[in-house]
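Just so you know, these numbers use all the heavy atoms, side chains as well, and skip hydrogens, waters and symmetry mates. Please read all numbers here as calculations on a predicted model, not as lab measurements.
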Amino acid sequence: MRRFAWAMLGLGLWVLEGGVEPVAGQDPQPTIELQHNRFNPVTTIPFKLSGQLFLKGHRPVVSVRIYNVLAQLVAIPVLRGTGKALDSLALSCPTQLGCAYSAYWDGFVANTGKPAASGVYIYQLVVDGQRVTRKIVVKQPH
């Protein structure tokens, strides 16, 4: 059985999320980019963190969660390549230019072993308390 889903916002591949304007004397807000992609039975949610987040050895704390429209937690994706749940995970980056990461969701509802049903879902990326939220649609083929 194949399932499909896709991001509902934006036609472009990259959506730039800016922070609020910094107060005089404060460092500028970090940049978080989310890349929207077509969802298949498994889902990859790419995101990019700016180098500003990693200044002075700082390791930003990142979480990604997928919710249904009733705000019930459906899944916590894992960081691709590590298998670690993206639940308050401190990330590192070897370059000052920033790094790209991917959250991986197998398409199943956490702790049930059942595939996610067709419908609207919300995924939320949280980096050091800064939230980016997007709507996605999961569709079962007929």
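- Side-chain contact between Val126 and Val62: absent, with no pair of heavy atoms (C-beta onward) separated by less than 4.5 Å.
- Within the 4.5 Å cutoff, side-chain heavy atoms of Asp87 are placed close to those of Ser63.
- Considering all non-hydrogen atoms of both residues, Leu91 and Phe54 come closest at O-CE2, 3.7 Å.
- Hydrophobic cluster membership differs between Phe108 and Tyr67, with clusters built from Ile, Leu, Val, Met, Phe, Trp and Tyr side chains linked at under 4.5 angstrom.
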**Q.** Check against side-chain contact (heavy atoms from CB on, under 4.5 Å), Gln124 and Val132
**A.** CA-CA 6 Å; Gln124 185 175 71; Val132 178; over 6 Å; no
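- Separation of atoms OG (Ser102) and CD1 (Ile45) is listed at 9.5 Å; rounding is to 0.5 Å.
- Side-chain contact between Pro77 and Tyr104 is absent, with no heavy-atom pair separated by less than 4.5 Å.
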Q: Apply side-chain contact (heavy atoms from CB on, under 4.5 Å) to Leu49 and Tyr101, showing your working.
A: CA-CA 8 Å; Leu49 302 180; Tyr101 304 92; 3.8 Å; yes
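- Nearest heavy-atom pair, Ala103 versus Phe47, reported as atom, atom and distance to 0.1 Å: N-CE2, 4.1 Å.
- The heavy-atom pair separating Ile76 from Ala85 by the smallest distance is CG2-CB, 4.2 Å.
- Here the closest heavy-atom approach between residue Ala117 and residue Tyr121 is recorded as O-OH, 2.8 Å.
- Put simply, OG on Ser50 and CD on Gln96 are 11.5 Å apart, with the number rounded to the nearest 0.5 Å.
- Going from atom CG of Leu86 over to atom CH2 of Trp105 covers 14.5 Å, rounded to the nearest 0.5 Å.
- Nearest approach of Pro60 to Val127, heavy atoms of both residues: CB-CG1, 4.0 Å.
- In this structure, the separation between CG on Leu89 and NZ on Lys84 is 6.0 Å, given to the nearest 0.5 Å.
- Cys99 and Thr95 make their closest contact through SG-CG2, 3.9 Å (heavy atoms, listed as atom of the first residue, atom of the second, distance).
- In this structure, Leu125 and Arg131 have side chains that are not in contact, with every pair of non-hydrogen atoms separated by 4.5 Å or more.
- Here Gln72 contributes atom CD and Ile122 contributes atom CD1; the two are 13.0 Å apart, rounded to the nearest 0.5 Å.
- Linking Ile, Leu, Val, Met, Phe, Trp and Tyr residues whenever their side-chain heavy atoms come within less than 4.5 Å places Val64 and Leu79 in a single cluster.
- For the atom pair OG of Ser92 and NE2 of His58, the computed distance is 11.5 Å after rounding to the nearest 0.5 Å.
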